[in-house]
Amino acid sequence: MTQATARHILVDSEAKCEELKKAIEGGQDFAEVARQHSSCPSGRNGGDLGSFGPGQMVPEFDKAVFTGEVGKVLGPVKTQFGYHLLEVTSRS
């Protein structure tokens, strides 16, 4: 079964998500931005979600993780929890 490792940043608005994406693409460290801005408990760990398979996350998140480019900042991805920036760190 396919497995992925990813990290994410969860915020409450699409505008904030876009602002943080620009900052990361401009050179800021993803993990540091996650620690400062993510409302998810994983933010304390730089947004790290560990390893998971298809169906273990909400559908919108799953789709982005299992179809998006590895190593690229993806998003905003809207889910019932808010807006996410994702970075797939590996997929096998």
Are there over 12 heavy-atom neighbours, none belonging to D29, within less than 6.0 Å of that residue's CG? yes
Group every Ile, Leu, Val, Met, Phe, Trp and Tyr by side-chain heavy-atom contacts under 4.5 Å, then state whether V11 and F81 land in the same group. no
Are the side chain of D48 and the backbone N or O of G50 linked by a donor-acceptor pair below 3.5 Å? yes
From K22 atom NZ to C17 atom SG, the distance as rounded to the nearest 0.5 Å: 11.0 Å
Test side-chain contact (heavy atoms from CB on, under 4.5 Å) applied to V58 and Q80, step by step: CA-CA 9 Å; V58 294; Q80 73 221 43; 3.8 Å; yes
Using side-chain heavy atoms (C-beta onward) and a distance below 4.5 Å, is L85 in contact with I24? yes
How about H84 and I9: do any of their side-chain heavy atoms sit closer than 4.5 Å? no
Restricting to non-hydrogen atoms, name the atom on G71 and the atom on E87 that form the minimum distance, rounded to 0.1 Å. O-OE2, 3.6 Å
Answer yes or no: is there a side-chain heavy-atom contact under 4.5 Å between T5 and L49? no
Apply side-chain hydrogen bond (donor to acceptor under 3.5 Å, both in side chains) to S38 and H8, showing your working. CA-CA 8 Å; S38 185; H8 83 134; 5.0 Å; no
Side-chain heavy atoms of H37 within contact of K16, under 4.5 Å: yes
Considering all heavy atoms, the nearest E14-P76 contact: CG-CG, 3.9 Å
For the residue pair S51 / Q3, report whether a side-chain donor-acceptor contact shorter than 3.5 Å exists. yes
What are the two closest non-hydrogen atoms of D62 and Q56, and how far apart are they? OD1-N, 4.2 Å
Report yes if some heavy atom in the side chain of Y83 is under 4.5 Å from a heavy atom in the side chain of D12; otherwise report no. no
Rounded to the nearest 0.5 Å, what separates atom NZ in K63 from atom CG in L86? 13.0 Å
Heavy atoms of F52 and F66 approach each other most closely as O-CZ, 3.8 Å
Evaluate E18 against K21 for salt bridge (Lys or Arg N to Asp or Glu O under 4.0 Å), listing each step before the verdict. CA-CA 5 Å; E18 291 285 3; K21 184 175 185 177; 5.4 Å; no
Are V33 and L10 linked, directly or through intermediate hydrophobic residues, by side-chain heavy-atom contacts shorter than 4.5 Å (ILVMFWY only)? no
With no hydrogens and no angle check, do the side chains of Q28 and E32 hold a donor and an acceptor under 3.5 Å apart? no
Between G47 and A34, which heavy-atom pair has the shortest distance, and what is it? N-CB, 3.7 Å
Just wondering, do S42 and R7 contact through their side chains at under 4.5 Å, heavy atoms? no
Are V70 and V73 in one and the same hydrophobic cluster, where Ile, Leu, Val, Met, Phe, Trp and Tyr link if side-chain heavy atoms are under 4.5 Å apart? no
Minimum heavy-atom separation for V65 to A4, with atom names? CG1-CB, 3.6 Å
